[in-house]
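Input: a single structure, listed below in structure tokens.
Per chain, numbering begins at 1; letters A, B, ... match sequence-line order.
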2 protein chains.
Amino acid sequence: MISGILLLKYGATIENADASEIIISEKKRADFYFQIKIGEVKMFNLNEQGKEFVQGIFYDGESFGEPPLLGDFKYPASAVAVKPTELYKLSKTKLFELLVDNPEVNLKFTKALAKRLYYKATILKEISVHPPEHRILALIDFLKNKYGTEELFQVELTRQQIADLTGQRVETVIRAVKQLEQEGELKLIKRKVFR
Amino acid sequence: MISGILLLKYGATIENADASEIIISEKKRADFYFQIKIGEVKMFNLNEQGKEFVQGIFYDGESFGEPPLLGDFKYPASAVAVKPTELYKLSKTKLFELLVDNPEVNLKFTKALAKRLYYKATILKEISVHPPEHRILALIDFLKNKYGTEELFQVELTRQQIADLTGQRVETVIRAVKQLEQEGELKLIKRKVFR
DNA sequence: ATGGGTTTATGATTTGCCTCATAAAATAAG
DNA sequence: CTTATTTTATGAGGCAAATCATAAACCCAT
């Protein structure tokens with residue numbers, strides 16, 4: 001997360017995206033840095049049969065789609081606004097200027113990438129060698145670590161979203177979650193909310 | 001890749017690892033930066049039943065296991081030397097000094113992370129929404145991009161390695177590769193070598 | 001409240017990949 | 001050149017998760 005003031009200083013614009021509006025299209029070139037001011041964005045892949053895989057969900061203050069900016073390759077996934085969203089949008093060249101001028105921001109940026117990498121390595125591991133329930137727990141542990149506090153952790157995810165994040169089908173997730181609840185591994189506070 | 005001279009200047013040591021020697025253990029803290037001088041290293045996960053998933057294979061000049069150094073979390077996978085390997089080993093604090101002192105190296109470092117992220121996003125997409133043959137082609141395309149030239153691309157990977165990199169079983173890969181060869185999508189120059 | 005849309009739930013069936021078993025090639029080692 | 005080891009090959013069978021179908025529960029706007 002780069003401060004809004006700094007972004008604006010380097011010429012960032014503020015863009016609005018309606019819910020369901022596509023912000024980034026897979027296989028397109030990467031020309032801009034995006035950071036969420038308020039809202040929610042997901043990056044996803046879709047195959048021909050309409051099966052979706054969600055690479056990540058991003059909230060206030062988070063950026064997304066940075067790797068292709070640095071590596072000069074095409075976007076491996078698309079981004080869509082989940083809710084009405086306000087975004088900072090900064091050109092690639094301006095972002096580079098900003099990073100060069102501000103080493104401490106640069107470091108933060110690199111750290112954010114490192115975290116993302118960790119997440120992907122974790123999910124890859126889960127998908128490749130662990131069964132459905134384990135994957136769900138791993139996802140929740142990760143999110144807890146990212147967004148939660150010691151005492152309480154709440155995150156709103158539908159079972160469909162969990163499925164899309166862990167490469168499974170809704171029905172499978174529903175059954176697995178139910179089993180985990182019975183085993184006491186997981187607790188549902190109310191609809192969609194985990195502790 | 002950071003130049004060996006620079007690494008040594010900051011106090012890096014050169015370590016030798018025999019084939020099959022573990023260099024990094026999953027879930028351990030990250031204290032060192034590793035870069036291959038000569039040799040081959042793979043990062044992998046193993047589940048209880050012995051099923052393996054290979055997060056990446058690294059060759060001369062490449063570094064591995066950096067994310068936990070920056071993000072301060074545990075290694076999500078283990079690293080093992082595939083062949084006898086010489087490594088530069090540099091402490092976390094010294095690496096940070098090096099990066100702060102050398103912004104252009106810092107940038108290269110960040111770009112390497114970005115590429116890794118791209119690879120993981122790609123493999124995740126493949127594993128989640130694409131069938132075996134497609135995954136294999138995606139892997140080969142990626143490697144071609146990374147190591148190949150226009151005219152010729154050769155990379156030595158056994159079918160077992162392809163399986164471990166794409167989260168499948170050997171038998172599945174063997175059958176898929178055979179099919180792809182028949183369809184002309186893939187060409188085997190000789191054993192283990194793809195064009 | 002009431003109706004429409006989303007989310008959760010659950011059973012029946014199918015299927016793609018894994019698993020198991022066994023053997024033939026290919027490569028390496030002595 | 002012979003033997004040992006690794007890699008490739010192939011069939012048969014099993015199984016976990018996907019798919020399909022249908023319905024109940026829940027949420028939300030009017």
Side-chain angles (χ1 to χ4, degrees), chain A residues 19-20 40 42 45-54 57 82-84 123 126-139 155-182 186-194, chain B residues 19-20 40 42 46-54 57 82-84 123 126-139 154-182 186-194:
Chain A
S20 308
E40 186 178 336
K42 78 170 174 193
N45 296 112
L46 221 52
N47 72 356
E48 307 70 45
Q49 293 92 55
K51 184 174 180 188
E52 182 171 339
F53 175 73
V54 173
I57 301 180
V82 177
K83 300 176 180 172
I123 293 291
E126 289 299 326
I127 288 184
S128 312
V129 305
H130 290 299
E133 327 86 63
H134 199 280
R135 295 191 208 177
I136 294 169
L137 289 179
L139 173 70
V155 65
E156 288 201 10
L157 282 182
T158 65
R159 272 123 230 246
Q160 180 64 64
Q161 287 177 309
I162 295 174
D164 291 340
L165 282 163
T166 56
Q168 302 172 100
R169 308 268 79 181
V170 211
E171 297 95 324
T172 306
V173 170
I174 286 168
R175 290 184 242 254
V177 166
K178 166 161 285 184
Q179 197 196 317
L180 288 170
E181 283 185 88
Q182 282 168 1
L186 208 73
K187 212 155 167 187
L188 212 66
I189 301 186
K190 61 168 192 168
R191 190 190 235 329
K192 299 189 200 173
V193 181
F194 290 93
Chain B
S20 308
E40 185 178 336
K42 79 171 173 192
L46 222 51
N47 73 355
E48 308 71 46
Q49 294 91 55
K51 183 174 181 189
E52 181 172 339
F53 175 73
V54 174
I57 301 181
V82 177
K83 302 176 178 171
I123 292 291
E126 289 299 326
I127 288 183
S128 312
V129 306
H130 289 298
E133 327 86 62
H134 199 280
R135 295 190 209 177
I136 294 170
L137 290 178
L139 173 69
Q154 292 203 343
V155 65
E156 289 202 8
L157 282 182
T158 66
R159 271 123 231 249
Q160 181 64 63
Q161 287 177 309
I162 295 175
D164 290 340
L165 282 163
T166 55
Q168 301 173 100
R169 308 270 79 184
V170 212
E171 298 94 326
T172 306
V173 170
I174 286 169
R175 291 183 241 254
V177 165
K178 166 160 286 187
Q179 197 195 318
L180 287 170
E181 283 184 86
Q182 283 169 359
L186 208 73
K187 212 154 169 188
L188 212 67
I189 300 188
K190 60 169 192 169
R191 194 191 227 347
K192 300 187 198 171
V193 180
F194 290 93

With [X], which residues qualify under side chain to side chain contact (heavy atoms under 4.5 Å, CB included), at least two apart?
| X | answer |
| --- | --- |
| B:Leu180 | B:Glu133, B:Ile136, B:Leu137, B:Glu183, B:Glu185, B:Leu186 |
| B:Val82 | B:Glu40, B:Lys42 |
| A:His134 | A:Glu126, A:His130, A:Pro131 |
| A:Arg175 | A:Glu171 |

A:Asp164 to A:Glu52 - nearest heavy-atom pair and separation: OD1-O, 3.6 Å
Nearest atoms (heavy-atom pairs only) where A:Arg135 meets A:Gly167: NH1-O, 3.6 Å
Over 12 non-hydrogen atoms of neighbours within 6.0 angstrom of NZ in A:Lys83: no
Which nucleotide in D:dA9, C:dT8, C:dT10 has an atom nearest any side-chain atom of A:Lys178: C:dT10
Angle by which the axis turns from one end of the helix from C:dG5-D:dC26 to C:dG30-D:dC1 to the other, five pairs per end, to 10 degrees: 50°
Short side-chain N/O contact from A:Arg159 to OP1 or OP2 of C:dT7, under 4.0 Å: no
Modelled atom types, side-chain donor and acceptor of A:Gln160 and A:Thr158, under 3.5 Å: no
Residue mapping more 5' on DNA chain D - nearest nucleotide basis, B:Gln160 or A:Pro132: B:Gln160
Let me know the distance between [atom1] of [X] and [atom2] of [N], rounded to the nearest Å.
| X | N | atom1 | atom2 | value |
| --- | --- | --- | --- | --- |
| B:Ile162 | D:dT7 | CD1 | C1' | 12 Å |
| B:Gln161 | D:dT8 | CD | C1' | 14 Å |
| B:Phe53 | C:dC18 | CZ | C1' | 17 Å |
| B:Gln179 | D:dT8 | CD | C1' | 17 Å |

Close residues, residues 165-175 of chain A, relative to DNA chain D [heavy-atom separation under 4.0 Å]: A:Gly167, A:Gln168, A:Arg169, A:Glu171, A:Thr172, A:Arg175
